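In listed order, ligands and their atoms are each counted from 1. Computed from a predicted structure; not experimentally measured.
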Amino acid sequence: MEDQDLPGVLVSGFEGPSGICKDHVGELQKYFNLITMQDLLENKTQVGPKIQAAYIWNRKPAIDQELLQSLPALKIVANAGAGLDHLDLKLIASFGVKVANTPQAVSSPTADMGMALLLAAARRVVEGHQLATSPDTKSFSTNWLGQEVTGSTLGIIGMGSIGYKVAQRARAFEMNILYHNRKRRKSEEEEAVGATYCERLDDLLQRSDFVMLAMSLTPQTQRLIGRRELRLMKPTAILVNIGRGLLVDQDALVEALQTGVIGAAALDVSYPEPLPRDHPLLKLKNVTLTPHIGSATHQARWQMMENLIGSILASLNGLPIPNEVLLK
Ligand SMILES: O=C(O)[C@H](O)CO
């Protein structure tokens, strides 16, 4: 088939931070005629009607009313990742367009990242690296201490597939596991990872040595962890966020870290991303920051692409769509 005969799929672009994964372009072009936002902007009337799917990578392109109006043949928005907070699901549905995402591909690598951050913050790995590589060997010391992970208590907020995978990993570290979730898990699932349900978030916060945020961002969870919640945590507690920056009131977090209300934070997410270079979080020794890389493994990213191809092809062929997101 000629490229032009393949279904048109909108992508943000091929280059730069908002482009799709470069290594994936060849594979995607086996199935689709990839049309970039630039192509669309330059030739809306000709190109718009050819686009049958939008391929959302790194939350781009943004799907708004104007874009939806310019894509009369659009059938599906296929989103890489699990989080959907950047998509207006109601608006998209109002155009008769379906949505799919890739939750399975991201849950293990994101849980791995949660444990990596937890361990790094507990054992001060980043500071340790700086000490060990410093030209000044006088500062090389074994005299500074971290927190023991084994036997400590981990409170997981959000026990979806990522939270549950964190619990599976934490069990191998002999941690006591508490969790808080909208819905309690089945007792056999709790038993399999040794997790105890905390109906009250406050209980979990008061009892945990580590608090891991693994829930999605919704109007209900926005700034769930604020000044009050931070004050309930132990002064030695470490907050790990692998969900979304906006789950936490960031100003309150800075204050809590500066004044010893909590011990440390390890964050894969923030708002905005990236943080301005003069942001106070960047200056704190008790903060470990990574640039939203929960799903950034070769394997996960490739699986995300394959899943998206599968969902787009199913939708274009009128078949049940794998990982379709249904409006609640
Ligand atoms: O939503 C997710 O799964 C991640 O943040 C994107 O990789």
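If you check which protein heavy atom lies closest to atom 5 (O) of ligand 1, you get His292 NE2, 2.6 Å. For atom 2 (C) of ligand 1, the closest heavy atom belonging to the protein is Ala82 N, 3.3 Å. The protein heavy-atom contact nearest to atom 7 (O) of ligand 1 is Ser295 OG, 2.8 Å.
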Inset, instruction - Carefully, step by step, assess Asp202 and Arg228 under the rule salt bridge (charged side-chain N to carboxylate O under 4.0 Å, His left out). - result: CA-CA 10 Å; Asp202 291 6; Arg228 178 188 161 278; 2.4 Å; yes
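For the pair Arg59 and ligand 1, no heavy-atom separation below 4.0 Å is found.
For the pairing with Ser311, the side chain to side chain contact (heavy atoms under 4.5 Å, CB included) check across Asn101, Asn79, Val325, Ile321 returns one residue only, Ile321. Each of Ser107, Ser216, Ser108, Pro109 was checked for a side chain to side chain contact (heavy atoms under 4.5 Å, CB included) with Ile162, and the lone residue meeting it is Ser107.
Under 4.0 angstrom from ligand 1, there are no non-hydrogen atoms of His86.
Using a 4.0 Å cut-off to heavy atoms of Gly83, the atoms of ligand 1 that qualify are 1 (O), 2 (C), 3 (O).
Minimum interatomic distance between Arg124 and Leu145 (heavy atoms only, all atoms of both residues): NH1-O, 2.7 Å.
A donor-acceptor contact under 3.5 angstrom links the side chains of Gln38 and Glu42, judged on distance only.
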